[in-house]
2 protein chains.
Amino acid sequence: MENLLRTFRDIGNLSPENEKLLLSTIERVEYPSKTILLEEGNVCNNLYFVEKGLIRIYLYKDGKDVTCWIGPENEFVGAIGSFFTREPSNKWIETLEPCVLWKFEYAKLEELFSSSRELEKIGRLFSNQGILLLDKRLDNIHFNTAAERYEIFINTHPGILQRVPLSMIASYLGMTQETLSRIRSGR
Amino acid sequence: MENLLRTFRDIGNLSPENEKLLLSTIERVEYPSKTILLEEGNVCNNLYFVEKGLIRIYLYKDGKDVTCWIGPENEFVGAIGSFFTREPSNKWIETLEPCVLWKFEYAKLEELFSSSRELEKIGRLFSNQGILLLDKRLDNIHFNTAAERYEIFINTHPGILQRVPLSMIASYLGMTQETLSRIRSGR
DNA sequence: CGCCGAGTTGAACTGAATCAAGAAACGTGG
DNA sequence: CCACGTTTCTTGATTCAGTTCAACTCGGCG
């Protein structure tokens, strides 16, 4: 929880009252490994902050499981496409490990941001952070080769390789499991 | 200008006073074709709304010109990575046609959003829209083949193919000019 | 006319996917 | 604590989508 608060404090000014307000709108939840948090076809109603564990977003493209996002400790995860549009998601979300999460419900989050000037601003800057994340990943996948993407991954997500099946990382990086295995072994 | 205002009105509530405030913070600028609006190494200080014309963002990867984004009429364009972090951009921005643009300066935009509760909210929802755009493009480039990406492009950007050199569209879609030429002719 | 940039087409090449076995690691029940 | 089946990872052979390199076409314009 300390890390969660720090994330917001780093973004903007968070007064003690607003901090309390924030904490009152979110819920601490625990799930065992391999729990489905969102099914395709449903609207994504929650954003999760990962306190402990690991979450994955994925979808089925031509019947194959493809990882869209991997969320380790201290990161926010959600099917943002559906979360913001309020339309059914084409993506699934699952836990890959036993998890402790902080759940941000859509309606409550909107209410939170609307409840004070300061929070509204934090919300805006929070979204800007999200834009930066996506922009970076977009550039990465647009311009870099499979080997470069792997290199960047192990640098930006140290330790995750050991915690997630290779196949999931491979599709996250836009390559097959075999290719990743070969890159990893130095061909 | 009407289209610009409509964009914001569609997002949230824009009172007449705030509308006036908004208009007073932006500047209408005109540039001839092939004008450089941002050079690599500089911080991107402006976001542009394209009233008329066409803007392109690009960078040099291994000495080659690669298009990152194409902004036609009624869209916002800027090197958001640099714009939000206030760090030097690795990207360039140029006009591809004579342009009429509305310039949103970083500091003024922040001031605008800070100047009222309503505008702060509009700013937040505006950023959320940006997230949606990036999320869509990320999925597109992550999961689809060259031919699929082309198909989606001509549907989402009708007419642009006729206005932009093929090489720029090709690199925007993550393929070579020759490949795009072949896809277009049906192999 | 003849040049020049933009687009097309062809042939050879290559990075990565696919298909197909194995090997290693893992977990569960006896 | 071992045995067995399942899942995960590696390795090899082949195929394929897309790149590279190079030549050629076309239309505009001095």
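Atoms considered below: every heavy atom in the structure, side chains included; atoms not considered: hydrogens, waters and symmetry mates. Every chain is numbered from 1 and lettered A, B, ... according to where its sequence line falls, protein lines coming before strand lines.
In this structure, the CE atom of B:Met168 is 11 Å from the C1' atom of C:dA6, given to the nearest Å. Following rounding to the nearest Å, A:Lys34 (NZ) and C:dC26 (P) show an atom-to-atom distance of 13 Å. Here D:dC9 presents its P atom at 12 Å from OH of A:Tyr150, a figure rounded to the nearest Å. The distance from atom CD of A:Gln177 to atom P of D:dT7 is 14 Å, rounded to the nearest whole Å. Put simply, CD1 on B:Ile183 is 11 Å from P on D:dA17, counting in whole angstrom units. Protein atom CG of A:Leu96 is 16 Å distant from nucleotide atom P of D:dT7, rounded to whole Å. One atom, CG of B:Asn144, and another, P of D:dG18, lie 11 Å apart when rounded to the nearest Å. In this structure, the CD1 atom of B:Ile141 is 14 Å from the C1' atom of D:dG18, given to the nearest Å.
Between the side chain of A:Arg182 and the base of D:dG12, a donor-acceptor pair under 3.5 Å is found.
Checking D:dT10, C:dT9, C:dG7 against the side-chain heavy atoms of A:Leu166 singles out D:dT10 as nearest. Comparing C:dA20, C:dG10, D:dC9 against the side chain of A:Glu178 picks out C:dA20 as the nearest. Listed nucleotides: D:dT11, C:dA11, D:dG18. Nearest to the side chain of B:Thr145: D:dG18.
Residue B:Ser185 places at least one side-chain N or O under 4.0 Å from the OP1 or OP2 atom of C:dT9. Between A:Arg184 and D:dT10, a side-chain N or O to OP1/OP2 separation shorter than 4.0 Å is present. Note on A:Lys64: a side-chain N or O is less than 4.0 Å away from OP1 or OP2 of C:dT18. OP1 and OP2 of D:dG18 both lie 4.0 Å or more from every side-chain N or O belonging to B:Thr179. OP1 or OP2 of D:dT19 has at least one side-chain nitrogen or oxygen of B:Thr176 nearer than 4.0 Å.
Ionic pairing of A:Lys34 and A:Glu94 is not present here: no N-O contact between side-chain nitrogen and carboxylate oxygen is shorter than 4.0 angstrom.
Within the 4.5 Å cutoff, the side chain of A:Tyr48 has no heavy atoms near those of the A:Trp102 side chain. Here the side chains of B:Asn13 and B:Glu118 are in contact, with some heavy-atom distance below 4.5 Å. Within the 4.5 Å cutoff, the side chain of A:Leu22 has no heavy atoms near those of the A:Ile122 side chain. Side-chain contact check for A:Pro98 versus A:Pro32: every heavy-atom pair is 4.5 Å or farther apart.
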